[in-house]
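Scroll down for the structure; my scribbles are underneath it.
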Amino acid sequence: MLFTLAWRNIWRNYRRSVLVLLSVVIGLIAIILYDSLSIGMIQQMLDNQIGAHVSHIQVHKKGFNDNPVIQNYLPDPARVRQLLAQQKGVAHFSERVITFGIVSSATGASGVSMVGIYPQQEVQITKIKNSLVEGRYLGDAPHEIVIGRKLAEKLDVGLGDKVVAMASALSGAIGSDVFRVVGIYETFSSEFDKSHAYVYLPNLQQMLEFESQISEFAVILGNLERQNEVQAALVQELGSGYEVLTYKQLLPLLVMQVDVYKETIFIFYAIIGIAMMFGIINTMLMSVFERIHEFGVLMAVGMKNRRLFVMILLEAFLLGISGTVIGAVIGYLIYLPLADSGINLSAFADGLNSIGSGSVIYPILTPESIVSAIFVIPAIAVLGAIYPALRAARLDPITAIRHV
Amino acid sequence: MGIVQTIDLEKTYQDNGVPVHALRGINLTIEKGEFTVIAGPSGSGKTTLLNLIGALDKPTKGRVLLEDTDISGLKRDALGELRLHKIGFVFQAYNLIPVLSAMENIEFTMMLSGIAEKERHRRVREVMQELGIEALAGKRPNEMSGGQQQRVAVARAIVNNPTLVLADEPTANLDTDTGAELLNLMETMNREHNITFIFSSHDPQVIERARRLLILKDGMIAEERS
Ligand SMILES: Nc1ncnc2c1ncn2[C@@H]1O[C@H](COP(=O)(O)OP(=O)(O)OP(=O)(O)O)[C@@H](O)[C@H]1O
Ligand SMILES: [Mg+2]
């Protein structure tokens, strides 16, 4: 009966309640969209980095990450290879030879990171193959090179054209080779496209005077949640001559950005929450002041102040939960098609490219976001009702009854 | 002994620092089954006296005994509990909760005292039938006339079988005929169920019907008639 009473009380002042409800609904929709868009963006930033090159875990000789010179090759790649093949949680891995080099054409030259790969291994790790816009991926053959669109433009080369690559070899001499462009790719980031060129691993080994040396193993896990576990296992096995780094350690800047992002989401939540709270405080105060006589009667006939207090909190709670349910449904209905088609933010694409998310964002609504909204908003409503409810509960029946 | 007894009852309000002596020493005993009217000019202390008897307020001096219990020293919650179980109230107007139907309004105090829904409904129907207000069951207060609302208020006041029903100018907002009907109703309840009623009123027709009349002046009992 208290519930019925509270529910009907809400609808006494229809317009006022609809306004509060509307503010909750709009707030919730804003939260859902902002949250899902932000999470989508963060996820895309990470996925792009992971999928273009970084992978989940990398294994190097100790110090390679800080100083990626060719001399820092892995002490015993065969051991790492065997270990990764056995390690639980590792889905795929790819071995790489990496060096800084200069790629030049008839018209220009550009410094790039040259990555020697086994194509069949690398396709399991990165999305470069899927990002091809012209030509094909590397085959298991020497003298082929896949470069980014931006680099192709800069060097003014197209499919089938030849480029010369140079890099300093182990002995200190300059190693060089001629490659034919077989594929041109384009990823989320022109910066990345300008600076990464892929060749057949044995070819690069030869150019650098390597024998079977490998610079890095890139690892993809079956379940990303297990990264720390897998990392710990590998560190223990490999010992101190190696470094085993997760993508979070490999992308500290991005991880920092993600944190900053999460904080801005939190600030956004807080602003919306505070606005809602004041809306509720205001509404409930008005509704309490309008009902002083009635509260007097309720107390006179024996309703305890505590119960009156609870009734007003219940009213706010019902308002909050109604708004939340409506807002969540509408927000979800808006979100669904957007999650499917993505939101094209090419108007701001320059900014987005520099943070590496790409210009079409696919919002991601996590169950956590929905659940926390469903708990937090009614809680905010109840919090906002505490002061008005206290005002009501502190009334003394006689003064209240005399109030008309 | 009486079901209500006041002993040297005094109430002094502070009106912006100026003491207002609303009651100055009331000694009064009400017996079970009485039908008592407290009359007197405006400001003589009628409402104040009813509020003190009804455990809505605390005296400045003196005591109120309700069925031999001194209620002057009770805490807020205990007073609420006492009102819920022992006292029925009918105020001058706006007695009812606007969002509840007549039936729900009557049911409300039983809900507060934790009576099961089935029993509540049975009892509400019984009382409504007795007061001849079954037709109002589903109506909200704004769909009822003033007289109908007061009848529903009477039903609510008696539904918990209180020791005492206090009615502060229950007919003040009603026309003469409607007021008379309401009084008939309360007289019947008084006669048939031996419910004790205490009224305050200026209304001559209420005073006329009083079986015991107390006239207050300046916070004191100036005259008593039976
Ligand atoms: N809360 C209060 N604060 C200050 N003075 C009060 C308060 N309540 C009543 N009084 C004063 O106490 C005196 C008695 O008031 P009370 O309401 O009991 O009179 P009453 O006989 O019921 O009058 P009426 O016939 O007008 O209802 C009056 O002078 C009134 O102004
Ligand atoms: Mg009065």
Side-chain angles (χ1 to χ4, degrees), chain A residues 1-18 283-284 286-312 314-319 322 389-404, chain B residues 11 13 22 47-48 50-52 54-58 75-101 103-117 120-121 140-142 153 156-157 159-160 162 165-166 168 173:
Chain A
M1 199 163 181
L2 204 63
F3 184 89
T4 317
L5 187 57
W7 179 253
R8 290 188 195 160
N9 278 334
I10 294 176
W11 300 110
R12 272 162 97 142
N13 194 321
Y14 189 80
R15 196 193 311 177
R16 193 166 61 206
S17 294
V18 166
T283 305
M284 295 313 293
M286 288 209 283
S287 115
V288 162
F289 287 147
E290 279 171 11
R291 292 186 282 167
I292 288 180
H293 172 81
E294 192 176 320
F295 292 155
V297 172
L298 286 173
M299 290 191 275
V301 301
M303 187 163 183
K304 296 230 173 76
N305 306 52
R306 208 175 315 120
R307 208 152 186 176
L308 191 61
F309 182 80
V310 170
M311 183 182 84
I312 290 161
L314 187 60
E315 289 173 15
F317 175 78
L318 290 175
L319 260 180
S322 309
L390 271 179
R391 291 291 297 254
R394 283 197 195 133
L395 287 170
D396 103 275
I398 296 178
T399 331
I401 290 170
R402 281 160 58 103
H403 192 102
V404 191
Chain B
K11 179 75 185 179
Y13 294 109
T47 300
T48 304
L50 285 192
N51 287 343
L52 289 175
L56 279 170
D57 205 355
K58 291 186 177 183
K75 291 256 160 55
R76 195 177 65 178
D77 274 2
L79 289 177
E81 195 72 10
L82 196 97
R83 292 194 298 268
L84 176 61
H85 295 291
K86 304 224 154 155
I87 298 166
F89 288 97
V90 180
F91 301 104
Q92 184 172 332
Y94 305 111
N95 272 292
L96 305 179
I97 306 308
V99 294
L100 297 181
S101 70
M103 182 160 172
E104 290 163 336
N105 262 290
I106 301 169
E107 195 185 338
F108 192 77
T109 52
M110 286 193 283
M111 186 276 289
L112 291 180
S113 39
I115 296 168
E117 184 166 325
R120 290 200 311 248
H121 288 175
R140 297 270 179 100
N142 63 0
R156 182 187 61 195
V159 77
N160 258 350
V165 173
L166 299 173
D168 193 5
N173 284 22

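Heavy atoms only: backbone and side chains are in, while hydrogens, waters and symmetry mates are out. Here is the naming used below: chain letters follow the sequence lines, and residue numbers restart at 1 for every chain.
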Legend entry - Check against side chain to side chain contact (heavy atoms under 4.5 Å, CB included), A:V297 and B:R156: CA-CA 12 Å; A:V297 172; B:R156 182 187 61 195; 3.8 Å; yes
Inset, instruction - Let me know if B:E104 has heavy atoms under 4.5 Å from chain A in its side chain, its backbone, both or neither. - result: both
Inset, instruction - Check whether any side-chain N or O of B:R83 sits under 3.5 Å from a backbone N or O of A:M299 as a donor-acceptor pair, and report yes or no. - result: yes
Inset, instruction - Name the member of A:N9, A:L298, A:N305 that forms the most heavy-atom pairs with chain B at distances under 4.5 Å. - result: A:N305
Inset, instruction - Tell me, for B:D57 versus chain A, whether the close heavy atoms (under 4.5 Å) come from the side chain, the backbone, both or neither. - result: both
Legend entry - Interatomic distance, A:E294 atom CD to B:N95 atom CG [nearest 0.5 angstrom]: 11.5 Å
Legend entry - Inter-residue atom distance B:L112.CG - A:M1.CE, 0.5 Å rounding: 8.5 Å
Legend entry - Over all atoms of both residues, closest heavy-atom pair of A:H293 and B:Y94: NE2-O, 2.8 Å
Inset, instruction - Given side chain to side chain contact (heavy atoms under 4.5 Å, CB included), test A:R402 with B:T47 step by step and report yes or no. - result: CA-CA 10 Å; A:R402 281 160 58 103; B:T47 300; over 6 Å; no
Legend entry - A:R8 side, atom CZ; B:L100 side, atom CG - distance, nearest 0.5 Å: 6.0 Å
Inset, instruction - Calculate, to the nearest 0.5 Å, the distance between atoms CG and CE belonging to A:L5 and B:M111 respectively. - result: 7.0 Å
Legend entry - Portion of B:F91 that has a non-hydrogen atom of chain A nearer than 4.5 angstrom: side chain
Inset, instruction - Check whether A:R291 gets within reach of chain B through its side chain, its backbone, both or neither, counting any heavy atom under 4.5 Å. - result: neither
Inset, instruction - Identify the heavy atoms of B:L56 and A:P397 that sit nearest to each other, and give their distance. - result: CD2-CB, 3.7 Å
Inset, instruction - Take atom CZ of A:R12 as the centre, draw a 6.0 Å sphere, and report whether it contains more than 12 heavy atoms from other residues, nucleotides or ligands. - result: yes
Inset, instruction - Would you mind checking which part of B:A93 comes under 4.5 Å of any heavy atom in chain A, side chain (CB onward), backbone (N, CA, C, O), both or neither? - result: backbone
Legend entry - A:R394 side, atom CZ; B:R76 side, atom CZ - distance, nearest 0.5 Å: 9.5 Å
Inset, instruction - Look up atom CG in B:L52 and atom CD1 in A:I398, then write down how far apart they are to the nearest 0.5 Å. - result: 7.0 Å
Inset, instruction - Given side chain to side chain contact (heavy atoms under 4.5 Å, CB included), test A:W11 with B:V99 step by step and report yes or no. - result: CA-CA 9 Å; A:W11 300 110; B:V99 294; over 6 Å; no
